[in-house]
Each structure stands twice: as C-alpha cells, then as structure tokens.
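So the structure is just underneath, and the comments pick up after that.
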Amino acid sequence: MDYFIDVVVPLSLATTFTYKVSQAEHQFLQPGMRVAVPFGKRLVYTAIVWAKHHETPALYEPKDILTIIDEQPIATPIQLEFWQWIANYYMCSLGEVYKAALPSAFLLESETILSLNTHLTVDLSTLTDDEYLLFEAFEQQPILRFDEVQNILNKKKVFHVIDALLQKEIIYLNQHIHEKYKPKLVKYVALHENYKEEQKLIHLLDHQLKTEKQRALVLKYFQLQAKNTPIALKELLKEAEVSAAIFSNLEKKEIFTVYTLAEDRVQFNDAFLDDIDFTQKQQATLQNIQTSFQKHDVTLLNAVTGSGKTEMYIELIKEAVQNQQQVLFLVPEIGLTTQLVQRLTAYFGNKVAVYNSKYSENERVEVYHHVLNHTENAQIVIGSRSSVFLPFKNLQLIIIDEEHEASYKQADPAPRFHARDAAIVLAKMFKAKVLVGSATPSLESYYNAYQQKYGYVELNQRFTNVQLPEVVVVDLKEARKKKEINGFFSIKLIDAMNEAFYNGEQVLLFQNRRGFSPVLECLTCGHVPHCTMCDVSLTYYKRQNYLKCHYCGYTMAMPTKCHSCHSNELSTKGLGTEQIEDALRTIFPNKNIARMDQDTTRGKFAFERLIDGFKNREIDVMVGTQMLAKGLDFDNVTLVGIMNADSLLTLPDFRAYERAYQLLTQVAGRSGRKNKQGKVIIQTYNPYHNTIQQVTQNNYQAMFKEQMYERLHFKYPPFYRLIRLQLKHTNFDKTKDAAQWLATNLRSNIADILVLGPQEPSVNRIRNKYIQIILVKMPINKSAHSLKASIQKSINSLDSIGTFKAVRTKINVDFY
DNA sequence: AGCACGCCGACT
DNA sequence: GTCGGCGTGCTC
C-alpha cells in the first residue's frame, strides 16, 4: 500500500497538492502539522497537512516530502474547518488563508545555499567571465547564499551562471531551512558552586571581596535571592547600582556564574484587582446581557461613549476566566488600544495577551503558542482582526468592540474577510457567546438585532454625570456672507476655542484630509499636477515642500513653475490637516498645536508620544484625521471642532451617510468631562442635510430608518449581498474588454443576480495599472453558495481566454 | 503567487 | 552573437 498526504501550500492556488510519505510518516502525521515540501524546480515551501490517504494520483508522479517540521499539529481541527469556511465564503484559496492565519515566522523560509566543491581542480579556461567571477568569490568564501550571488554578479538573473557551475560540478547546492523564531535569551546569575558550603561563604564575605562595590553586589544578590526567583543579571546590576565590569570581575574569580533562560517577551506586571463601582444602571445592563445570552448567541450592546462599556466587558471576562475559558477581545486598530490593554491588564495581569501586526514576529509566535497550549498567559487575547485565526481550544466568549469600524474588513491581500462576521462563525463552531459593542452600530448589526437575530441591550446613560455634548452647526455660507469668518475658522469656532483656552481646557479639531492641500492648480492655465502612475492629483506638503501621491507614495519636488505653461502663478486648492495647523499658529501664536494623522504617527512610539503629550496637557489643540475618533479618552477636552463636514457627505460610497453619522458622533463623543458639558462645532455648507441634523439631535433611529429605506430601494446591504470584482491590467482597452466580457457572461449565465458595470472607479489607474469594477448584487435570501460557485466559473472562463489571461481579477465578498 | 521557458528586439 | 523584456504555462 502506498501512503500519501494532501497539503496546502502558502500560495494563491485553488487546489491541495499530493505528496508521497513513508508508512511511518503517514502514521505520525496529522492534519495541521507542517511539512517542508519541494515545489516546482527549486522551491521549498512550508506546507500544512490537510488530509491523509492511499489514493495514487493517476496523472502525475507525486514527490516525496523533505521533512516533517512539527511534533504536534500547530493548527487545530476547528481552525482547519474555519479556514475552509473563510476560503469558501470569501472566495479565495486555502493557501491564502493559511498565509494569513499563521504568524509569518511559522512559514519557514527556504534558502538556497551554494557551496564550493573543494575536491576539484578547475580548468579556468572553460569558464565564462561571470562564471569566473563567481568562482573567485567562492574561493574567498566557500558558502554563498543566492542573494549574495546576485550581489556579486550585480544582476538579478543569475540562474544560468549557477547552473553552468553546477553542471561542471564546481559547486553544489543544498536547501537550508531555518526557523525564523528565536526565543529571546536572558542572562541569569547564580553563586558559583564553590560557595555552596556555609564555611566558604563566610570566608567569601569576610575576606575575598576587595571593594565596596563588590560587597554591594554580593549583598544585593542575597537580598534578591530571598524572593526565590531566578535573578536576572540586568536586574542585579541595576539594583546594586554597579557596572557590568565589576560583575565580570567576580565572574572571572569564579564567585558568580551565568546561565541563560528563554524569556517570554510578552509580559505584564502583576494584576492588582480593583472592584468596579457599578451604577444601578450598569448593573442592570450587565444583567440584561446575561439574560440575552441565554436566548441569543450574539448580542449587540449599544452603549453611548463614556457609559462604562469597558467595565461591562471586564465583568463578562471575569466570569469566563473563572471557568478556565478563553476569551477573544477584538479591537479595530491596536495602536489605539493602549488604554484598553492597560485597563485589562490591571484586572487580569499576565492572563492578557496582545496579538497584532504591530508587535514583532517573535511576540506573535509566543502568543500563538500560549493560545495553542491553552496556557494561562493567553487566556484573554486582545487583538486586531487577524486574531480570529489563533488556535483556540476552549473559546467561550468573543467581544467585538467598536463593531461598526470598517477596518475589521480586510481589503488586501486575500482573504478579504470581515473579522466581525468571521468571529461570529468561529463562535458558532465553539458554541461561544459573542458581544458586539458600539455607540454607533453598523446598520447590519442593528438590523440583525431589530429582526431579533441578535439580542439587543442598550446603555444610554453616561458614566459619571457627564452629559452628552451640545452640538452647534455653523453654516459656512452664512458666516462668509456676514464676514464672520477668519480663514477656515468661523468666529463661533474661534470664540469657543478662546473660551476653552481661558478655562485651561483642550481642543480637538477634525479634518478628513492630510497634507497641506490636496490640489495644486496653475492660475493661468488651470493645469493640476497628477501622479505619473495613478489617476489622482498630488497632495501638496508645505513643510517638506513636495507633492505626494496618497495611493502609491510617489513624491516630486514642489514645482516653481507650471509644468504645462511655465506660469509661476501656482495656487493651492482644498484643505488638509497641515494647512489647518499652519493657520492655527497664526491665529493662536502662543498655543501649543499638534497634528495627528498618518504622516505624523509613523514610527513605533510616535502615536503614544502624541497621546501622552495631549494627556499631560502640553498640547492645547490637536488637529487630526479620523484617528481622533477612535476610542481615545481624554478628560480635559471640552471642545471638538469639525472643520468641514461636507467632505464626509460627498464620498462616492453607499455607506457615506452612515459613516459620516458614525464618525461625527464618535468625534463629538470626545468632548465633555466630569461635571462639564462639552461642545461640538460642526462647520458645513449644508446645515440642513439630514445626516447633520441626525447627528445634532443624536438621533440614531432617524438615521437608521432613512438609510435602511435607501438601502432597500437601491438594493444594498443588509438587503443584498455585494460582491465586487476588480479587473486590473496595464493596458486600458484590454482591461475594459475583459470586464465587458465578464459582465456579459455573468448576466447571461446566472439568474437571480444583478450585475452593475463594468465601471471605472473614481481613481481608475494605480501604479500604472488600469482598473475596472463590476458589482454583483444578490438578494440576501438566495443561496450565496451556489451563486458564488457560478461567479467563480465565469471568472475561470475569463482566465482561459488567451488575450485576457494577464488581466488580474480580485474578488471582494461583502465589499466595504 | 512565483518562477522558468521561450520568443523577440536591442545593443556590446 | 548575448541581454533582458514580456507572454505563457506549471507547480503534486
């Protein structure tokens, strides 16, 4: 009998691949274990075992695997089932899910290593120039990596040179696989065994220590030893306040020895438990959630900002933790959750682990292992969307905070999954409970609650007598007419800022655009500089004095003359955060002004530094983009200004009004503090716009009703499922023809769906590739599964047409 | 997705 | 003649 395994390779390929194994290997291997397999001519991939069987493939000769990597599966059966669901639902390959699901350090790199055959005398006259050059390099250094060869020959295509040397047996080749994960080693200190006996110890203390510093070091050692935990060298030196030189001296004299242990990077200080002071209202809400969980697996918690949502979460987590269950706490963007992590660790100490892409690979691997082994150290995982892929064993509670956030939906690369929706499916597999929370729920979730598919709990009272802020709308047209305006700032806004400053309070200003101004225009001929590779105008940055593309990052120096007519009358149009910052400095020259957007929060701690500066009240005004809206709690902000609400209302997106409502409400929620009502000023040219009115009246219901009507009428979610197909190619006509062909094919072959387009997106060229969009809508009550299969079929036919092969199709299910 | 292979035009 | 550009096909 022959033995085979089917494996998933980390590529975007639709099928699994079959390899041959020995009987012993077959017995040992289980689905979820990693194996290294040869793939194609010279690649090695870390594949994951999907299935075992005895069916000999008819059409090809299976290769053998190279090695087994794991002793135990690193993916659980539930995970593999979950991967399959993601691949089916979001129409992508298992390989793409596999790649997204594991920390990339688990996907071992294959590295080709070339070594010199030292037993051979080489006839140099038979070598070409390149071959000779490479041979010389080998004589210097007998082992070379592939990329080193590329450097030596100073070109990319080096295979033929290597091949030639391989043929002549001058060099040989071996695959070298290495784990990327290295545990961090920490040096610990122990007294040398010479001093185990008390006699000698006394002798040491009395006679052998020559200096005060040496004595201090040894005494501190004994002091720390009393705690009965390993003593880290670093800690000892710090506590004793001596330098490393003094220690190494004692080490040489064989008084101390050093040993190393692997240290977990992910460590927090011990918990200090604090009882939460619950208002009656909160107590009742908690009760309501628990009652709702008895009937519904998913419950929506609609809680206004500042109502003590987090305390509610903590209580629920406490219960799960007491029962040894695992908890997943999903958050939209981890950079903004430092405050949350601090609060949870205060209650649960080391039981809390954080999992997100901003942490290092090694930290991710550690959390993964902790979850896999169901250790205490990761009973509660706070994480961004990728943490739904962790290898949970006993997951019983999932909390999804700020559930309406669009960043839960992954856009690129595949799998283009929605973490909220995926988490709900995952919960079903575990029979776990899900709490989705928001102050401004997504229409989808609210509708689910409305239809009683989800349970629903409301908490509409703020925690500590903080009233909801007063919202004032300023009509910019009117203000301009009456000359009640100073640049971009209405007099009302300036007055309110002055009042806040007078009271020693802080101000947040929101503007949806970064840079100085999004358009540079020639006043003579109207020419606007565009990105050379994308169909967008370049954003002007005054500080750096350059123009930058927000799609591909291309920059060019600020022109002094118009490229088209050489006029030097260039003017900026439109408003970005940088320009507001500048204008503020002229109006309030002695106030501290800071800016928070993608451009100022680069680097690991830039964000924290800004937040800390603001918290410590070193900053009077913070100008920022959406980032300001995301769950930051400042206790001294009494005024929030929205520079121009219209930019939110004119976005070409069926969710624009919903998003505008959510964003404005969230930003507004930053205003107000204990015992003082906050103020929000919204500047707009459309003061009577429904959405603006709904925000000022804090009327979610009205927004919900209006938008649901629109969604039903124009056939959008939650009544219809959306699948967005994007076609991309360097040739405009080819892209368009392919899109036309596909749209026609979809229309004629699939009943029950609506096909819109093809159309060009508002930015129709990115990085020199043209884009066409087809939007497929299907009624929510039709079986999505078979319709998706038909769509896939159409795309496959497109791929099989010669001229359209090079056109890339991206599928985005539940497009956001 | 990578990556090799093969075909074609552009240069030492 | 070789180099490198791009289109095509394959990966167990």
Side-chain angles (χ1 to χ4, degrees), chain A residues 2-22 25-26 29 34-67 87 90-102 104 107-112 127-133 146-147 149-150 153-164 166-167 173 175 412-416 726 728-731 733-735 737-738 767-769 795-796 798-811:
Chain A
D2 288 327
Y3 301 89
F4 300 103
I5 55 169
D6 290 345
V7 302
V8 176
V9 285
L11 296 174
S12 116
L13 295 170
T15 55
T16 55
F17 289 81
T18 305
Y19 285 85
K20 215 172 144 188
V21 290
S22 69
E25 287 168 332
H26 197 262
L29 284 169
R34 288 173 303 162
V35 288
V37 295
F39 198 76
K41 291 217 156 167
R42 53 161 49 89
L43 285 171
V44 174
Y45 281 114
T46 306
I48 200 145
V49 179
W50 193 255
K52 309 198 279 183
H53 60 85
H54 302 287
E55 293 148 41
T56 311
L59 301 171
Y60 53 88
E61 184 63 33
K63 289 182 182 172
D64 293 328
I65 63 165
L66 290 177
T67 42
Y90 291 104
M91 301 179 74
C92 66
S93 75
L94 275 173
E96 286 167 324
V97 186
Y98 166 46
K99 237 188 347 190
L102 296 186
S104 58
L107 304 173
L108 308 171
E109 271 185 336
S110 83
E111 204 174 55
T112 310
L127 301 181
T128 66
D129 284 356
D130 272 347
E131 287 168 26
Y132 181 71
L133 200 63
F146 189 75
D147 55 311
V149 174
Q150 289 177 321
L153 298 182
N154 197 20
K155 59 182 169 190
K156 279 221 151 151
K157 296 204 169 180
V158 293
F159 282 129
H160 62 281
V161 186
I162 292 170
D163 268 349
L166 283 172
Q167 295 265 311
L173 181 155
Q175 285 287 349
D412 265 317
R416 300 183 177 80
Q726 186 200 64
K728 216 173 172 184
H729 192 262
T730 41
N731 181 320
D733 289 329
K734 198 178 247 190
T735 318
D737 292 347
R767 289 173 204 272
N768 266 340
K769 291 200 166 153
I795 292 170
N796 291 347
L798 178 79
D799 285 342
S800 65
I801 297 172
T803 49
F804 296 148
K805 259 187 193 124
V807 179
R808 298 259 147 226
T809 314
K810 272 186 198 171
I811 312 174

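Reminder, nothing fancy here: chain letters follow the sequence lines and each chain counts from 1. Side-chain atoms are counted along with the backbone in the values below, which use heavy atoms only and exclude waters and symmetry mates.
For the pair I48(A) CD1 and dC12(C) P, the computed distance is 19 Å after rounding to whole Å. Atoms CD1 (I5(A)) and P (dC12(C)) sit 13 Å apart, rounded to a whole Å. Rounded to whole Å, the distance from CD on E55(A) to C1' on dC12(C) is 14 Å. Rounded to whole Å, atom C1' of dC12(C) lies 13 Å from atom CD1 of I65(A). When the P atom of dC3(B) is taken as reference, atom CZ of F39(A) falls 12 Å away, rounded to whole Å. Whole-Å rounding puts the K810(A) NZ to dA1(B) P distance at 9 Å. Put simply, CG on L94(A) is 15 Å from C1' on dA1(B), counting in whole angstrom units. Rounded to an integer number of Å, the gap from K52(A) NZ to dC12(C) P is 22 Å.
In terms of heavy-atom proximity, L13(A) sits nearest to S93(A) at O-CB, 3.2 Å. The two residues Y98(A) and V8(A) have their closest heavy-atom pair at CE2-O, 3.7 Å.
P38(A) pairs with exactly one of L66(A), I65(A), D64(A) by the side chain to side chain contact (heavy atoms under 4.5 Å, CB included) rule, that one being L66(A).
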* Step by step, work out the side chain to side chain contact (heavy atoms under 4.5 Å, CB included) result for K734(A) and V807(A). => CA-CA 8 Å; K734(A) 198 178 247 190; V807(A) 179; 4.2 Å; yes
* May I have the step-by-step check of side chain to side chain contact (heavy atoms under 4.5 Å, CB included) for Y19(A) and V35(A), ending in yes or no? => CA-CA 10 Å; Y19(A) 285 85; V35(A) 288; over 6 Å; no
* To do: Could you walk me through whether V97(A) and C92(A) pass side chain to side chain contact (heavy atoms under 4.5 Å, CB included), step by step?
  => CA-CA 8 Å; V97(A) 186; C92(A) 66; 3.8 Å; yes
* To do: Evaluate side chain to side chain contact (heavy atoms under 4.5 Å, CB included) for R808(A) paired with K769(A), printing each intermediate quantity in order.
  => CA-CA 10 Å; R808(A) 298 259 147 226; K769(A) 291 200 166 153; 5.7 Å; no
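Residues from residues 10-17 of chain A with heavy atoms under 4.0 angstrom of DNA chain B, sorted by number: L11(A), S12(A), L13(A).
Rounding to the nearest 0.5 angstrom, the gap separating the NZ atom in K810(A) from the CG atom in D412(A) is 3.5 Å.
Under the side chain to side chain donor-acceptor pair (under 3.5 Å) criterion, the residue pairs touching residues 49-60 of chain A are D6(A)-H53(A), T18(A)-Y60(A), with sequence neighbours excluded.
Using a 4.0 Å heavy-atom distance criterion, P62(A) is classed as a sugar-phosphate-only contact.
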Report each atom pair, protein N/O against N/O of nucleotides 7-10 of chain C, whose distance is under 3.5 angstrom.
{"unit_1": "dG9(C)", "atom_1": "OP2", "unit_2": "K805(A)", "atom_2": "NZ", "d": "3.4"}

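A close approach under 4.0 Å does not occur between any side-chain nitrogen or oxygen of Y60(A) and OP1 or OP2 of dC12(C).
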